[in-house]
Amino acid sequence: MATEDKNRATAAAILPLVGGAANVSSIAHCMTRLRLGLHDRSLVQDEALKAVPAVMGVVEDDTYQIVLGPGTVARVTPEFEKLVEEGRAEAPAPAAAPLTAEELAAQGAEMKAARKAKNATPFKLFLRRIANIFVPLIPALIGCGIIAGLNGLLVNLGWLPSVTPALAAMASGFMALIAVFVGYNTAKEFGGTPILGGAVAAIIVFPGVANIEAFGQKLSPGQGGVLGALGAAVLAVYVEKWCRRWVPEALDVLVTPTLTVLISGLVTIFGLMYVAGEVSTAIGTFADWLLSNGGAGAGLVLGGFFLPLVMLGLHQALIPIHTTLIEQQGYTVLLPILAMAGAGQVGAAIAVYFRLPRNESIRKTIKSALPAGFLGVGEPLIYGVSLPLGRPFVTACVGGAFGGAFVGFFNQLGDAVGSTAIGPSGWALFPLLDGNHGLGATIAIYAGGLVVGYLAGFVATYFFGFSKDLLAEFNVSQEATASPAPAPDPATASATPKEPAAV
């Protein structure tokens with residue numbers, strides 16, 4: 001009960017600071033953030049929100065995002081939804097509106113256009129849609145991935161032989177049908193009927209496709225994987241929308257779903273499965289080639305540039321690639337390298353702690369955010385420390401580059417280090433690790449990469465993260481400055497991360 005009261009208290013503290021129930025148009029959450037659609041952005045009290053104990057930061061995007069951290073956000077969101085519903089039910093009918101409907105519509109359109117002008121490029125909107133398709137699958141990927149790791153350990157040790165087949169079924173069941181879930185979410189995201197998207201995608205994993213020949217070869221169940229499911233569901237949405245326009249209403253309930261599944265299914269079987277299968281194979285081949293030949297250099301680039309990718313929202317393009325690799329090989333070799341960006345961030349934050357001994361505010365932020373940082377949740381350190389200071393963000397990337405180079409080097413030697421799921425990083429990735437040379441070697445290499453990332457981020461930040469002017473500005477006591485913590489630069493704040501994978 002105490003935990004429920006705490007979560008409800010957090011929700012109750014947030015609601016009035018975002019303009020109350022009447023100002024909330026939509027509510028959703030991802031792994032770390034409460035995402036709100038708001039009618040009037042000017043009613044939000046940003047600084048007061050940041051002062052709420054459970055709030056790690058706020059992000060302005062197409063939705064207003066309040067960073068609460070993993071676990072917390074999943075518990076606070078339902079309480080917030082209840083409070084919004086209660087607030088709407090209790091709110092009295094408004095008196096005469098001060099503006100006409102036309103004026104309100106014009107004002108809302110102007111605000112919406114202003115908010116989206118910064119980030120609503122077609123490419124970023126597309127990546128956002130891709131993220132919306134795959135992010136809901138992450139909890140199942142994590143759970144099944146951990147069970148798969150536990151099962152592998154028991155099999156290697158020869159323990160509980162009567163239980164391991166059951167664990168294998170639990171771990172593999174979701175992955176065997178992941179194409180269906182991708183098809184369902186894709187149709188939902190692109191404005192179609194979700195179950196029709198799932199139905200078309202289900203064709204890909206149906207065992208009977210093994211009896212069908214396309215492009216001169218027999219198809220295999222699962223060929224094309226998540227990429228095929230994505231393409232099939234998008235096609236189904238467009239076919240369905242076409243049917244809605246041309247099929248008479250009296251026949252719609254019979255004709256539209258039939259034509260949607262029939263047309264999309266035929267194209268999927270005799271085209272998309274083969275093409276998507278070739279693309280999926282190419283992705284796996286390229287990832288293996290990159291790390292086998294590029295090794296440390298590839299790891300250096302991937303680990304060093306992941307934080308900037310997150311800042312631009314471009315990291316979302318990697319989600320289907322990770323999922324494809326997991327589907328093909330059982331793990332993604334890219335995620336452990338990219339996770340080194342979080343290690344560089346932690347090392348940089350520790351260096352800032354020692355370089356600013358008089359700034360109690362920043363040091364307090366670092367102490368409270370470091371545990372989450374070690375577990376792979378990087379938002380508090382990014383928003384509260386490295387990004388506002390500027391240079392430490394760059395030196396954090398240096399730490400990530402060195403950690404990535406370390407893991408990449410061992411990949412080049414033939415010791416593949418992978419993750420059976422996406423989402424976690426830092427220490428939270430240990431239960432999901434897998435590789436080709438035993439769990440012990442895989443854990444040792446990943447742990448070594450984290451240590452290298454921590455040290456490189458610390459050293460780079462301690463010696464190169466501060467100019468004399470920056471030290472003079474920030475290495476002062478809280479009482480000696482009117483502002484207890486550095487405020488993010490407006491130009492930088494417009495390019496804050498869009499989600500995902502925790503770093």
Side-chain angles (χ1 to χ4, degrees), residues 31 70 134-157 159-160 163-182 205 222 225-227 229 280 283-284 287-288 290-291 299 302 306 315 318-343 375-377 404 407-408 410-411 414-450 500-503:
M31 288 191 65
F134 286 92
V135 166
L137 306 179
I138 289 177
L141 283 168
I142 293 173
C144 295
I146 291 178
I147 293 173
L150 174 62
N151 183 63
L153 180 63
L154 292 176
V155 169
N156 291 336
L157 295 174
W159 294 354
L160 302 176
V163 176
T164 50
L167 293 178
M170 297 176 199
S172 304
F174 173 73
M175 289 307 300
L177 296 174
I178 190 172
V180 179
F181 295 99
V182 170
V205 296
V226 295
L227 297 183
S280 298
I283 288 175
D288 291 338
L290 179 66
L291 295 181
L302 291 171
F306 186 63
H315 67 294
L318 298 174
I319 296 177
I321 295 176
H322 287 311
T323 309
T324 297
L325 292 175
I326 292 171
E327 195 178 31
Q328 279 185 351
Q329 304 174 0
Y331 52 80
T332 168
V333 292
L334 298 180
L335 185 59
I337 292 176
L338 300 177
M340 295 301 117
L375 291 174
V377 181
V407 177
F410 280 93
N411 270 276
D415 293 310
V417 178
S419 169
T420 57
I422 57 177
S425 63
W427 294 359
L429 198 63
F430 278 110
L432 296 168
L433 291 177
D434 198 1
N436 60 351
H437 281 81
L439 187 59
T442 301
I443 290 177
I445 294 170
Y446 180 72
L450 289 179
V503 293

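Across Gly284 and Leu325, no two heavy atoms sit closer than the pair CA-CD2, 3.6 Å. In this structure, Met175 and Glu327 approach most closely via the heavy-atom pair CE-CA, 3.9 Å. Across every non-hydrogen atom of Tyr446 and Gly426, the tightest pair is OH-O, 2.8 Å. Pairing each heavy atom of Leu318 with each of Phe306, the nearest pair is CD1-CE1, 4.1 Å.
Contacts of Ala179 classified as side-chain contact (heavy atoms from CB on, under 4.5 Å), with partners at least two apart in sequence or in another chain: Val205, Ala229. Residues passing the side-chain contact (heavy atoms from CB on, under 4.5 Å) test with Thr323 are Phe134, Ile178, Val226, Ile319, Ile422, sequence neighbours excluded. Leu290 is linked by a side-chain contact (heavy atoms from CB on, under 4.5 Å) to Phe286, Ala298, Leu302, counting only residues two or more places apart in sequence or in another chain. Judged as a side-chain contact (heavy atoms from CB on, under 4.5 Å), and not counting sequence neighbours, the contacts of Ala171 are Ile147, Ala148.
In this structure, OG1 in Thr324 is found 5.0 Å from CD1 in Ile283, a value given to the nearest 0.5 Å. Taken from CD1 in Ile321 to CG in Leu227, the straight-line distance is 8.5 Å, to the nearest 0.5 Å. Taking CG of Leu291 as the start and CG of Asp415 as the end, the distance is 12.5 Å to the nearest 0.5 Å. Atom OG of residue Ser425 and atom CG of residue Leu450 lie 9.0 Å apart, to the nearest 0.5 angstrom.
Two residues are said to be in side-chain contact when any heavy atoms from C-beta on lie closer than 4.5 Å; Trp159 and Leu153 fail this criterion.
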Distance-only criterion, 3.5 Å: show the donor-acceptor pairs between side-chain atoms of residues 429-436 and protein atoms not counting sequence neighbours.
from, atom 1, to, atom 2, distance (Å)
Asn436, OD1, Ala416, N, 2.9
Asn436, ND2, Gly414, O, 2.9

Please report, to 0.1 Å, the donor-acceptor pairs under 3.5 Å made by any side chain of residues 329-338, with sequence neighbours excluded.
from, atom 1, to, atom 2, distance (Å)
Gln329, NE2, Asp288, OD2, 3.2
Thr332, OG1, His322, ND1, 2.9
Thr332, OG1, Leu334, N, 3.3

